[in-house]
Number of protein chains: 2
Amino acid sequence: MAEAHSGENLLFLTDEQLRQGIEAMFFAYRGFTADPDRILATMAYGRAHHRALHFIARRPGTTVNNLLGILGVTKQSLNRVLRTLIEDGLVESQQGKADRRERHLTLTDKGRSLEQSLSDAQRARMRAAYRKAGPEAVAGFRQVLEAMMDPEMRRKYHAIREADT
Amino acid sequence: MAEAHSGENLLFLTDEQLRQGIEAMFFAYRGFTADPDRILATMAYGRAHHRALHFIARRPGTTVNNLLGILGVTKQSLNRVLRTLIEDGLVESQQGKADRRERHLTLTDKGRSLEQSLSDAQRARMRAAYRKAGPEAVAGFRQVLEAMMDPEMRRKYHAIREADT
DNA sequence: CTTGGAATGTCAACAAGGCTGACGTATCTT
DNA sequence: AAGATACGTCAGCCTTGTTGACATTCCAAG
């Protein structure tokens, strides 16, 4: 089956084609982060804060450990970011009821407000790109991105919206 | 024309859909850089070195200024990276003939060898993802990425292979 | 031929945000 | 009672980005 269209694939997957894909990822990711970065630059926050806010907004009540797994950084690194967000009143940390070792993270109104403005900026670009490319292109986009993830990351990517049932 | 399928678009571009796209970009980019990062971690190099090597390999003889524009960093930052690469004998810097203020950058055999191994690792993942998703998905992938770039970055993205005539 | 400005290199200082290692405390599990 | 887990924190290091200042070299315009 793989050989059935190997000719097509050989033509298709030249190093040059792949290199262009690599460069497209590089340049696109720059655009992807540009708008939130601009907003964050006016404050004392960076991309790391944005990521934390995003996933806390996405899964209110998530634990520190869970967030660590998603972000793929060390707890020391995350803690530095989280501490400033809590101190600044953007994030709330609440001791778990079932397991009191856990801390459940939620956004305050202030945190939600910042997350919204970052998210809006990023979604606006995403929306424009999706509109420009069209629904079929978007489907392909998503497929390739998913195929590019490490298996563990793919699991997390799906898990993040599993509880949305 | 935009209104002709606005219903479809409204359904299509929910915040949730866009958020998933954002997360897909986040997780996929991690995969995208994972393999080269693993190789680089064994040496005294980082992602910045990889980027420099990539674009020098892509455009042998490119000038420092040109590279600055592509990478979007300050000359001080690039210079630090470039200096170590030159000292380590991976990159050669040659004074321009037409304009002797310019330095033209090329890879040495040693540099080409490292660039190859980084590139091979990254392309292997790309190839696997492309194969898994199929040609049509790849076309869509490329379209969306391109639409996501800043106009200036899009210009550079195209310019990088213009001279390939 | 002089001079302005462009291209490059370099020094210094700093910040964000990764990392490792070590340690402490509370809490759950066995 | 002992061990494992969740979390926080201190200390120190690295890469890679930033500004600002300054020197050099050289092209090009006047």
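In what follows, every chain begins at residue 1, and chains take the letters A, B, ... in the order their sequences are listed.
What separates CG of B/Leu40 from P of D/dC14 is a distance of 17 Å, to the nearest Å. The CG-P distance, from B/Asp37 to D/dC14, rounds to 19 Å in whole Å. Counting to the nearest Å, the P atom of D/dG17 and the CG atom of B/Leu82 are 12 Å from each other. Put simply, CG on A/Leu71 is 13 Å from C1' on C/dG17, counting in whole angstrom units. When the P atom of C/dG18 is taken as reference, atom CG of A/Leu68 falls 12 Å away, rounded to whole Å. Between the NE2 atom of A/His50 and the C1' atom of C/dA16 there is a distance of 17 Å, given to the nearest Å. Atom CG of B/Leu78 is separated from atom C1' of D/dT16 by 12 Å (rounded to the nearest Å). Rounded to an integer number of Å, the gap from CG of B/Leu53 to C1' of D/dT16 is 15 Å.
In this structure, A/Ala52 reaches neither bases nor backbone, as no heavy-atom distance under 4.0 Å exists between it and the strands shown. Within the 4.0 angstrom heavy-atom criterion, no nucleotide atom of any strand lies near B/Gly96. Contacts of B/Arg47 with the nucleic acid, taken as non-hydrogen atoms under 4.0 Å apart, involve only primed sugar atoms and P, OP1 or OP2. At the heavy-atom level, A/Ala41 lies nowhere under 4.0 Å from the strands shown.
Checking C/dG17, C/dT8, D/dT9 against the side-chain heavy atoms of B/Val64 singles out C/dT8 as nearest.
Looking at B/Glu87 and B/Arg80, no side-chain N of the basic residue comes within less than 4.0 Å of a carboxylate O on the acidic one, giving no salt bridge. A salt bridge links B/Glu23 with A/Arg58: at least one charged nitrogen is closer than 4.0 Å to a carboxylate oxygen. Taking 4.0 Å as the cut-off between side-chain N and carboxylate O, A/Glu152 and A/Lys156 count as a salt-bridged pair.
The residue among B/Ile86 and B/Arg80 whose nearest nucleotide of DNA chain C lies closer to the 5′ end is B/Ile86.
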query = Does the salt bridge (Lys or Arg N to Asp or Glu O under 4.0 Å) test come out yes or no for A/Arg155 and A/Asp150, once each step is laid out?
reply = CA-CA 9 Å; A/Arg155 212 180 44 67; A/Asp150 272 344; over 6 Å; no

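Aromatic ring centres of A/Phe55 and B/Phe26 lie closer together than 6.0 Å.
When the options A/Met126, A/Arg142, A/Arg127, A/Arg123 are evaluated for a side-chain contact (heavy atoms from CB on, under 4.5 Å) with B/Gln17, the one that passes is A/Arg142.
For the OP1/OP2 pair of D/dT16 and a distance below 4.0 Å, the side-chain nitrogens and oxygens of B/His49 include at least one atom meeting the criterion. For A/Asn65, a side-chain nitrogen or oxygen approaches OP1 or OP2 of D/dC7 to under 4.0 Å.
The aromatic rings of B/His54 and B/His50 lie perpendicular to each other, with more than 60° between the two planes, well past the 30° mark.
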Extract from the structure each pairing of a protein N or O with an N or O of nucleotides 19-25 of chain D at less than 3.5 Å, listing the distance.
{"unit_1": "D/dG20", "atom_1": "O6", "unit_2": "B/Gln76", "atom_2": "NE2", "d": "2.9"}

